[in-house]
Amino acid sequence: MEPSPATGGSETTRLVSPRDRGGTGGGLRLKSLFTEPSEPLPEEPKPVEMPFHHCHRDPLPQQGLTPERLHARRQLYAACAVCFVFMAGEVVGGYLAHSLAIMTDAAHLLADVGSMMGSLFSLWLSTRPATRTMTFGWHRSETLGALASVVSLWMVTGILLYLAFIRLLHSDYHIEGGAMLLTASIAVCANLLMAFVLHQAGPPHSHGSRGAEYAPLEEGPGEPLPLGNTSVRAAFVHVLGDLLQSLGVLAASILIYFKPQYKAADPISTFLFSICALGSTAPTLRDVLRILMEGTPRSVGFEPVRDTLLSVPGVRATHELHLWALTLTYHVASAHLAIDSTADPEAVLAEASSRLYSRFGFSSCTLQVEQYQPEMAQCLRCREPPQA
């Protein structure tokens, strides 16, 4: 291999035959030469950050958990530790007091521990990067963790309702009022502590009485709407259900302590407050089902997004507008923009993306720009979806 003509002092090689150099034999040998004077090789181009109007909202994706999810993980760790300690105390207290209500409250705490551990696992899983199979990443594992928390509460409550019904039918049981009162008081304190740890403030702006009206964010870099982490919300609602039951158990223990003949208050309190616990899961279940069914986020309206896109200079019509969410705070939008023949596609794309990010806080937007055609007005696939 002989050196090929080169400039700039770069190293080159070529295959040469020994016969060309007066040698014998038919083999080939590799010859490497350095031109003089030697100059350093040119550096490879480094990736540069693209401007905002390119195609990504964030030039570089954030690695690991977001600050909001880090805070959620700390909340779940603290609440899980508190829940486990007091659950063990309730098991001992319920056994000593022969109280079904105390044992059912301990079972609820056991369900809390399991759901919080599942939520922590889903938070870890959601940090895994996107793949060619899971192109959106694993964000929705958080929503599945919240659903598992709700289902676990339903299962435990069903068992407790059955046991309470059996105890109402058969009165052959005895309850230690003092042990029940002490354990119930500790349980209320434990649930209050866990509720305080898991509490999350609501959004700073109002969406109306039904929570479905649109309220735009301030102009500027768009951030996800602060509706809170789904897993923490589910755990918080779960703890509120336990708190209601603990208050009922406390009231029943006071009654049984002073009036032992009213021991039926133990299964009655279990029955009534288990129903309340089931009702407390309705908001979380509604949000989870809305996300899993690819519904429009509650804080974003179809009409405001459509009108915002139509207000961009050069846009004549929109179609294939889709709005959905991966979590309560990760909102996604996609749409086709039909523009005038005189409009600049790049300028339209930049302006439309900027307005969606700043006004609605979308985490991802995919917009397709195309020339407007008159037949689009009669196209069935270009029509807007009907009102639900």
Side-chain angles (χ1 to χ4, degrees), residues 55-58 61-77 79-80 111-112 114-155 198 200 202-203 211-212 222-238 281-302 305 320-335 356-357 360-366 385 388:
C55 61
H56 308 292
R57 180 189 177 195
D58 299 317
Q62 184 175 2
Q63 299 295 326
L65 291 174
T66 62
E68 183 261 346
R69 292 189 174 186
L70 285 173
H71 179 63
R73 187 175 65 177
R74 287 192 295 266
Q75 287 178 304
L76 290 173
Y77 273 136
C80 191
D112 285 344
S115 65
M116 290 179 193
M117 293 181 65
S119 298
L120 287 170
F121 175 74
S122 67
L123 282 176
W124 168 80
L125 191 62
S126 65
T127 63
R128 296 184 60 184
T131 64
R132 295 182 181 181
T133 302
M134 308 294 290
T135 55
F136 271 109
W138 301 80
H139 297 281
R140 195 159 282 176
S141 62
E142 176 187 326
T143 305
L144 295 177
L147 180 61
S149 176
V150 172
V151 172
S152 67
L153 178 58
W154 282 13
M155 294 175 60
L198 293 171
Q200 293 188 142
E223 294 296 334
L225 298 178
L227 297 179
N229 181 273
T230 317
S231 299
V232 175
R233 283 190 61 200
F236 178 68
V237 171
H238 208 149
T281 64
T284 299
L285 184 62
R286 178 196 60 195
D287 290 337
V288 166
L289 293 179
R290 192 183 189 99
I291 292 174
L292 294 180
M293 293 299 294
E294 306 285 355
T296 301
R298 290 191 298 113
S299 57
V300 180
F302 183 91
V305 174
E320 298 291 339
L321 175 58
H322 299 286
L323 310 172
W324 71 99
L326 299 182
T327 67
L328 282 177
T329 58
Y330 197 107
H331 300 169
V332 185
S334 67
L356 290 183
Y357 286 135
F360 301 96
F362 285 109
S363 298
S364 176
C365 294
T366 303

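No hydrogens, no waters, no symmetry mates; every other heavy atom, side chains included, goes into these values.
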Do [X] and [Y] touch side chain to side chain, with heavy atoms closer than 4.5 Å?
| X | Y | answer |
| --- | --- | --- |
| R140 | L292 | yes |
| D287 | L328 | yes |
| L323 | F360 | no |

Where is the tightest heavy-atom contact between [X] and [Y], given as atom of each residue plus distance?
| X | Y | answer |
| --- | --- | --- |
| L326 | F136 | CD1-CD2, 3.6 Å |
| S363 | T329 | OG-O, 3.7 Å |
| S334 | W324 | OG-CZ3, 3.7 Å |
| Y330 | S364 | OH-CB, 4.4 Å |
| F362 | C365 | CB-SG, 3.6 Å |
| P385 | F302 | CD-CZ, 3.7 Å |

Distance (rounded to the nearest 0.5 Å) between T327 OG1 and I291 CD1: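 T327 OG1 to I291 CD1: 6.0 Å, rounded to 0.5 Å.
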Find the distance between NE2 (H331) and OG1 (T296) and round it off to the nearest 0.5 Å.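 OG1 of T296 is found 10.5 Å from NE2 of H331.
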Residues, nucleotides or ligands: over 12 heavy atoms within 6.0 Å of M155 CE: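 No, the 6.0 Å shell around CE holds no more than 12 heavy atoms from other groups.
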Within the side chain of R128, is there an N or O that forms a donor-acceptor pair under 3.5 Å with the backbone of G137?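 No, the answer is negative, given that no donor and acceptor are paired below the 3.5 Å cut-off.
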